[in-house]
Amino acid sequence: NAGVMQNPRHLVRRRGQEARLRCSPMKGHSHVYWYRQLPEEGLKFMVYLQKENIIDESGMPKERFSAEFPKEGPSILRIQQVVRGDSAAYFCASSQQGWSNQPQHFGDGTRLSIL
Amino acid sequence: AQSVAQPEDQVNVAEGNPLTVKCTYSVSGNPYLFWYVQYPNRGLQFLLKYITGDNLVKGSYGFEAEFNKSQTSFHLKKPSALVSDSALYFCAVRDSASKIIFGSGTRLSIRP
């Protein structure tokens with residue numbers, strides 16, 4: 001499967017624990033975007049990364065959330081000390097170029113549930 | 001600031017009838033416009049885009065969209081709906097220098 005791969009598909013955490021969400025972009029894509037989707041709502045941009053660089057993190061909450069896209073390996077979205085309000089579907093997308101007229105390719109998401 | 005609006009939360013259409021899902025936008029420069037579809041428990045799938053050129057854009061699964069600059073709209077259309085078209089549809093917009101903004105989505109329900 002050459003598409004965007006996200007894992008895990010479902011993640012359950014208790015309040016106060018850490019959540020790590022992984023995203024492997026499509027082959028040949030070096031630009032990764034993370035979005036959050038609440039039930040019955042649209043996608044909210046969180047962060048845009050290129051290999052080893054955060055390009056735009058204007059949608060990231062100021063605390064507890066961080067993202068990285070190392071030279072080797074998948075992009076990671078990390079949520080520390082999770083709270084009930086973090087429950088959502090988190091989608092990763094990738095593209096060959098940065099913000100451009102090319103469409104983004106999405107993974108199937110990680111559904112995070114906080115107990 | 002750029003924005004995109006999908007005024008209808010839900011659209012209901014009988015199978016075989018034409019469908020329209022509405023989208024209006026606001027950008028400071030020339031718009032790049034996209035439509036995506038989302039099936040349950042899946043990510044968004046690209047349907048079509050408008051960058052420049054013909055105002056009528058054809059995309060996947062028989063969908064098309066019409067760019068109307070004067071009305072700042074980019075409505076999604078299909079001449080004959082299928083039950084399998086039932087899904088959540090998102091309009092998205094970006095201008096030449098910034099991120100993509102997604103609409104709140106429209107749930108399309110096609111009854112047999």
Side-chain angles (χ1 to χ4, degrees), chain A residues 1-11 21 23-26 29 31-50 54-60 88-113, chain B residues 1-10 21 23 25 27-53 57 59-60 63 65 67 74 87-109:
Chain A
N1 187 343
V4 178
M5 301 301 294
Q6 288 188 249
N7 69 82
R9 290 295 309 278
H10 301 274
L11 181 61
L21 288 61
C23 169
S24 296
M26 277 185 72
H29 288 189
H31 300 262
V32 165
Y33 315 81
W34 285 94
Y35 295 87
R36 177 162 61 179
Q37 185 180 34
L38 295 172
E40 302 302 314
E41 292 190 12
L43 273 69
K44 302 297 183 188
F45 167 77
M46 299 181 75
V47 62
Y48 159 35
L49 310 104
Q50 201 177 355
I54 297 175
I55 307 300
D56 182 347
E57 55 182 349
S58 58
M60 287 277 271
Y90 292 83
F91 289 94
C92 170
S94 73
S95 66
Q96 209 168 31
Q97 301 173 17
W99 298 120
S100 71
N101 58 14
Q102 297 304 312
Q104 296 179 359
H105 297 263
F106 283 80
D108 284 338
T110 293
R111 277 144 189 86
L112 176 64
S113 298
Chain B
Q2 60 183 30
S3 65
V4 59
Q6 293 181 243
E8 302 156 315
D9 290 337
Q10 175 130 5
V21 183
C23 172
Y25 66 90
V27 297
S28 55
N30 291 324
Y32 297 158
L33 295 155
F34 306 84
W35 274 102
Y36 287 82
V37 60
Q38 185 180 31
Y39 297 100
N41 299 313
R42 301 296 302 275
L44 274 65
Q45 296 178 33
F46 170 73
L47 276 179
L48 51 80
K49 66 178 180 182
Y50 171 83
I51 304 301
T52 186
V57 178
S60 307
F63 283 93
F67 172 64
F74 189 56
L88 196 52
Y89 290 79
F90 290 98
C91 182
V93 65
R94 70 174 292 266
D95 60 26
S96 58
S98 66
K99 64 177 69 73
I100 293 176
I101 302 296
F102 287 87
S104 56
T106 298
R107 184 164 300 282
L108 178 63
S109 178

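Below, all heavy atoms of this structure are taken into account, side chains as well, without hydrogens, waters or symmetry copies. By convention in this document, chain letters (A, B, ...) are assigned in the order of the sequence lines, proteins followed by strands, and residues within each chain are numbered from 1.
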*At a heavy-atom separation under 4.5 Å, does B:D9 approach chain A through its side chain, its backbone, both, or neither?*
neither
*chain B contact via A:Y35 - side chain, backbone, both or neither, heavy atoms under 4.5 Å*: side chain
*Side chain of B:Y36, backbone of A:P103: donor and acceptor closer than 3.5 Å?*
no
*asked:* Given heavy-atom pairs under 4.5 angstrom as the criterion, report whether the side chain, backbone, both or neither of B:Q6 touches chain A.
replied: neither
*Sort out for me which of B:I101, B:L88, B:N41 touches chain A most, counting heavy-atom pairs under 4.5 Å.*
B:N41
_Under a 4.5 Å cutoff for heavy-atom pairs, which residue among A:R9, A:Q6, A:R111 has the most contacts with chain B?_
A:R111
*Kindly compute the distance separating CD (A:Q37) from CZ (B:F102), expressed to the nearest 0.5 Å.*
10.0 Å
*About how many Å separate CZ of B:F46 and CZ of A:F106, when rounded to the nearest 0.5 Å?*
11.5 Å
*Check whether B:L33 gets within reach of chain A through its side chain, its backbone, both or neither, counting any heavy atom under 4.5 Å.*
neither
*Under a 4.5 Å heavy-atom cut-off, does chain A meet the side chain of B:L44, its backbone, both or neither?*
both
